[in-house]
Structures are given as C-alpha cells and as structure tokens.
Amino acid sequence: MKLSFSPKLSTFLKPSLVTNLHRSVCSSSISSPPPTSLIPQTPLFLKPPIHSAASSDLQKWHDWAKSLASSVGSTFVDLDNGPDSTLLCRELKWLMEDAIEEESEGLENNQRSIRLRVALEELYMLWKQRVEERRPFQYVVGCEHWRDLVLCVQEGVLIPRPETELIVDLVGDVVLGNEGLREGLWADLGTGSGAIAIGIGRILGTGGRVIATDLSPAAIGVAGFNVQRYGLQDVVELRQGSWFEPLKDMEGKLAGFVSNPPYIPSDDISGLQAEVGRHEPRVALDGGINGMDDLLHICKGAASMLKPGGFFAFETNGEKQCKHLVEYMENDAGGSFFNLKIVPDFAGIHRFVTGFHK
C-alpha cells in the first residue's frame with residue numbers, strides 16, 4: 001500500500017498465453033467458496049469473446065477514448081499526482097489488448113468484424129469511468145500484474161502495490177536453508193486479493209502451508225479465485241475474520257506471519273490520489289489517527305501466535321512508523337523478539353519491519 005497510485009508498466013497477458021502459464025478459470029468453475037464470501041467478477045482478459053463490432057466502429061471508439069485521455073494533459077498530476085495523458089494512452093492500449101480477441105496490425109481501412117470480450121457500449125462506459133470518475137485501471141480490467149502473477153481485483157479489495165512484493169522476498173530469504181520455517185505454518189493477515197499468501201505459497205512448495213485471513217467477504221471471494229487459479233488450494237487456506245481472530249486454534253504454532261495492514265492516518269485519506277481515496281476500500285487504508293492502530297494491534301498479538309524462532313514481516317507508511325514499532329517491540333513487548341530490522345522498499349523508503357520470536 002502507498003499514497004500514490006501507478007499501475008505497473010507491463011503488457012497484460014493475452015488469454016492464450018495465460019492458458020500456457022497457468023490454469024485459467026472463470027468464476028463459474030471455482031469450487032464453492034466459504035458461505036460468507038462473495039463470488040468475484042471475472043477479469044476482462046478471461047471473459048469469452050462472445051461480442052463483436054465492426055472495425056470502423058471500434059476505431060471510432062478508440063479515437064474518442066484517445067481524445068478523452070489526451071484532453072487530461074497534466075491536470076490530474078497537478079491536482080493529486082494522478083495519471084497524465086501519456087499513462088492514460090498506455091492504459092488504453094492495454095484495455096484494447098484485454099478486450100480484443102484477435103490481434104491486428106491496425107484498425108484503419110479494415111471493415112471486418114472484430115471479436116470482443118465485452119460489448120462496444122461497455123467499452124465506452126469503462127473508459128468514461130477510468131477518465132471522468134478516476135476509477136482505477138485495475139478495477140476497469142479486473143486484474144493487476146504483481147510479481148509473476150496476474151491477480152483478479154475488484155471494488156472492495158485493495159489493489160496490491162509493487163513495493164509489497166518485497167514481503168514475499170523477505171520470506172523467501174528466511175526460509176532458504178531453514179527447513180523448520182519452510183515446512184511450517186504461515187499466516188497472511190488482511191490478505192486482500194491473496195497476493196502475498198499466493199507468493200509465499202509458491203515459495204514454500206508442498207512442505208509448508210499458509211492461512212490467509214481477511215475481514216471482508218469480497219476479499220475472501222477474490223482471494224479464493226486467485227488461489228484456485230494458481231492451483232494452490234492445498235497450500236493456501238482462507239479464513240474470514242479480523243487479524244489473528246480466525247487463528248485462535250493456531251496460537252503458538254505459526255512459523256511466521258506477514259501483513260500489509262491499513263497504515264494511513266485518517267486525516268490523510270482525503271488528500272490521497274482520487275483513484276485511491278475515492279475507490280479503494282477505506283477499511284484497507286485507514287490506520288486511525290496516526291496510522292498505527294492496526295500495526296500496534298498486530299504487534300501485541302505476535303508473541304502469542306509465533307512459535308520460538310518464528311518470523312514476522314509487516315509493511316508500514318514509512319520511517320516514523322517503522323521506528324515506533326521497533327521501539328515498542330524492544331521496550332514494551334517483554335523481550336519477546338530479537339533481530340529486529342527496518343527494511344527499505346524499492347525507492348529506498350524505510351517500509352518494512354521484520355524480526356523473530358525468541
């Protein structure tokens with residue numbers, strides 16, 4: 001999670017490529033989700049190409065969409081560090097790649113029928129939402145590229161950020177050569193789309209297991225979609241509930257846990273980029289008056305949940321929060337932890353706090 005929002009600059013995979021890389025499924029083929037979860041929407045690139053449009057009509061839409069994107073200029077950048085016209089035009093290209101079934105050299109002077117995954121009218125609506133309502137592009141197309149994954153995302157579920165990828169790397173480093181941690185039980189608190197849990201599950205392989213918790217039924221539904229799509233049903237278990245609450249039967253048994261909790265101070269929410277503040281779930285952003293409410297709650301429960309030698313890693317809003325948490329765990333946690341570290345993100349910002357239970 002971070003204050004500014006910018007999609008990763010990678011080309012969205014076409015369905016044929018995804019089929020080769022992963023077992024693609026649509027929402028109707030997912031095994032029954034937990035009773036309290038919601039059925040997730042199918043990402044655009046996985047929808048069947050049951051619609052069509054004349055290439056001339058698709059060209060008209062593209063010209064209109066590009067003109068709308070170009071009219072933005074740097075307005076959103078100046079307003080709240082939002083997307084400029086260049087980024088919006090790049091997103092338009094990605095939207096076409098996801099929506100169109102057949103590749104073509106260009107649409108000009110071509111009157112053939114083009115197979116689409118959504119109706120042309122919906123393409124108009126989706127692009128108006130993106131530009132005029134500042135709806136996040138990931139919600140428009142229903143997915144986000146994260147590490148080597150393509151994850152389903154939708155309204156009500158936090159969009160995973162690039163810097164959060166480092167949590168998976170941190171776990172990968174500690175389980176390397178440590179069989180007890182690699183084959184142990186892990187937890188991902190506040191899993192959202194399931195991104196971190198899936199990343200860790202792929203590192204652990206068949207030996208370890210991950211329990212992913214989230215209070216949101218929408219998040220549990222989306223995470224379940226993503227877990228099944230990557231064939232990790234036997235590795236990642238989903239439980240609905242707040243933080244450690246669904247893990248009462250695992251007290252003292254966790255080899256490790258990770259979390260990217262809400263950590264933005266309440267008063268800062270209104271100043272966030274429109275894509276974030278208007279559209280992403282506030283419950284996944286708002287960390288209370290100083291942004292520390294959930295982080296401190298997790299810290300207070302860490303010692304009772306981890307087994308001796310167990311590892312933890314969580315994401316924060318920056319250096320001030322990191323230092324506060326380390327001081328708390330050193331001075332107010334009864335000497336329960338050792339090897340506490342503050343780890344920077346890709347931009348060099350002090351972002352993560354890690355450590356071990358004695």
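Worth knowing before you read on, the calculation uses all heavy atoms, side chains too, and leaves out hydrogens, waters and symmetry mates. Given the structure is predicted, the values throughout are model-derived calculations rather than measurements.
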Residue pair E133, R278: steps toward the salt bridge (charged side-chain N to carboxylate O under 4.0 Å, His left out) verdict: CA-CA 9 Å; E133 299 176 21; R278 291 184 199 169; over 6 Å; no

Closest non-hydrogen contact found for R117 with L44 is CD-O, 3.3 Å

Quick one: does any side-chain atom of H279 pair with a main-chain N or O of A274 as donor and acceptor, under 3.5 Å? no

Hey, does N260 have a side-chain heavy atom less than 4.5 Å from the side chain of D188? no

Taking side chain as C-beta onward, heavy atoms only, is C143 less than 4.5 Å from D98? yes

Any idea how Y124 and W64 line up, ring-wise: parallel (<30°), tilted (30 to 60°), or perpendicular (>60°)? tilted

Please lay out, stage by stage, how T354 and F311 fare under the test side-chain contact (heavy atoms from CB on, under 4.5 Å). CA-CA 7 Å; T354 67; F311 175 80; 3.8 Å; yes

Look only at the side chain of K253 and the backbone of L185, and say whether a donor-acceptor pair between them is shorter than 3.5 Å. no

Can you tell me if Q240 uses its side chain to pair, donor with acceptor, with the backbone of L215 under 3.5 Å? yes

Is there a side-chain contact between M96 and L123 (heavy atoms, below 4.5 Å)? no

Backbone of P162 reached by a side-chain donor or acceptor of W146 within 3.5 Å: no

Kindly check if the number of other-residue, nucleotide or ligand heavy atoms within 6.0 Å of NZ (K307) is above 12? yes

Side-chain contact test, heavy atoms from C-beta onward, threshold under 4.5 Å: evaluate it for V227 versus I198 and give yes or no. yes

Geometric class of the F257/F312 ring pair [parallel <30°, tilted 30-60°, perpendicular >60°]: parallel

How many angstroms lie between atom CG of L170 and atom CD of E165, to the nearest 0.5 angstrom? 12.0 Å

F352 reachable from V174 in the ILVMFWY side-chain graph, under 4.5 Å edges: yes

Within this structure, what is the CG-CD1 distance for the pair D267 and I264, rounded to the nearest 0.5 Å? 12.5 Å

Check whether any side-chain N or O of R282 sits under 3.5 Å from a backbone N or O of E280 as a donor-acceptor pair, and report yes or no. no

Hey, quick one: are L285 and V157 part of the same hydrophobic cluster, counting side-chain heavy atoms closer than 4.5 Å, chains of contacts allowed? no

Calculate, to the nearest 0.5 Å, the distance between atoms CG and CG belonging to N290 and D268 respectively. 10.5 Å

I'd like to know if the side chain of W186 and the backbone of L181 have a donor-acceptor N/O pair within less than 3.5 Å. yes

Yes or no on side-chain contact (heavy atoms from CB on, under 4.5 Å) for T316 and H324, after CA distance, side-chain angles and deciding distance? CA-CA 10 Å; T316 77; H324 184 90; over 6 Å; no

Presence of salt bridge, D249 and R239, under 4.0 angstrom: yes

Show the nearest heavy-atom pair for residues L46 and T42, with the distance to one decimal. CB-CG2, 3.8 Å

Do N226 side-chain atoms and S193 backbone N/O form a donor-acceptor pair below 3.5 Å? yes

So do the side chains of F314 and Q321 get within less than 4.5 Å of each other, counting heavy atoms only? no

If you define the side chain from C-beta out and look only at heavy atoms, does anything of I100 sit under 4.5 Å from L116? yes

Under-4.0 Å salt bridge between R130 and E275: yes

Closest non-hydrogen contact found for L88 with A69 is CB-CB, 3.7 Å

Should C322 and R351 count as side-chain neighbours, where that means a heavy-atom distance under 4.5 Å? no

Can you tell me how far apart CD (E121) and CG (D57) are? Round to the nearest 0.5 Å. 9.5 Å

Can you measure from CG (L87) to CZ (F137) and round to the nearest 0.5 angstrom? 9.0 Å

What one should report as the nearest heavy-atom pair of P344 and L166 is O-CD1, 3.7 Å

Quick one: OG1 on T75 to CG on D80, what's the gap to the nearest 0.5 Å? 11.0 Å

Flag for D214-T191: side-chain donor and acceptor within less than 3.5 Å: no

Beyond-backbone contact of P160 with V153, side-chain heavy atoms, under 4.5 angstrom: yes

Ignoring hydrogens, what is the shortest heavy-atom contact between L92 and A65? Give both atom names and the distance. CD1-CB, 3.7 Å

Can you hop from V222 to L238 via hydrophobic side chains spaced under 4.5 Å? no

Please answer: with hydrophobic residues joined when any side-chain heavy atoms are less than 4.5 Å apart, are V118 and I50 in the same cluster? no

Does D84 offer a backbone N or O that forms a donor-acceptor pair with the side chain of S74 under 3.5 Å? no

Check: E144 main-chain N/O paired with Q138 side-chain donor or acceptor under 3.5 Å: no

Counting N and O atoms only, with roles assigned by atom type, does the side chain of Q273 sit under 3.5 Å from a partner on the main chain of N81, one being a donor and the other an acceptor? yes

Tightest non-hydrogen contact, residues G241 and P246, listed as CA-CG, 3.5 Å

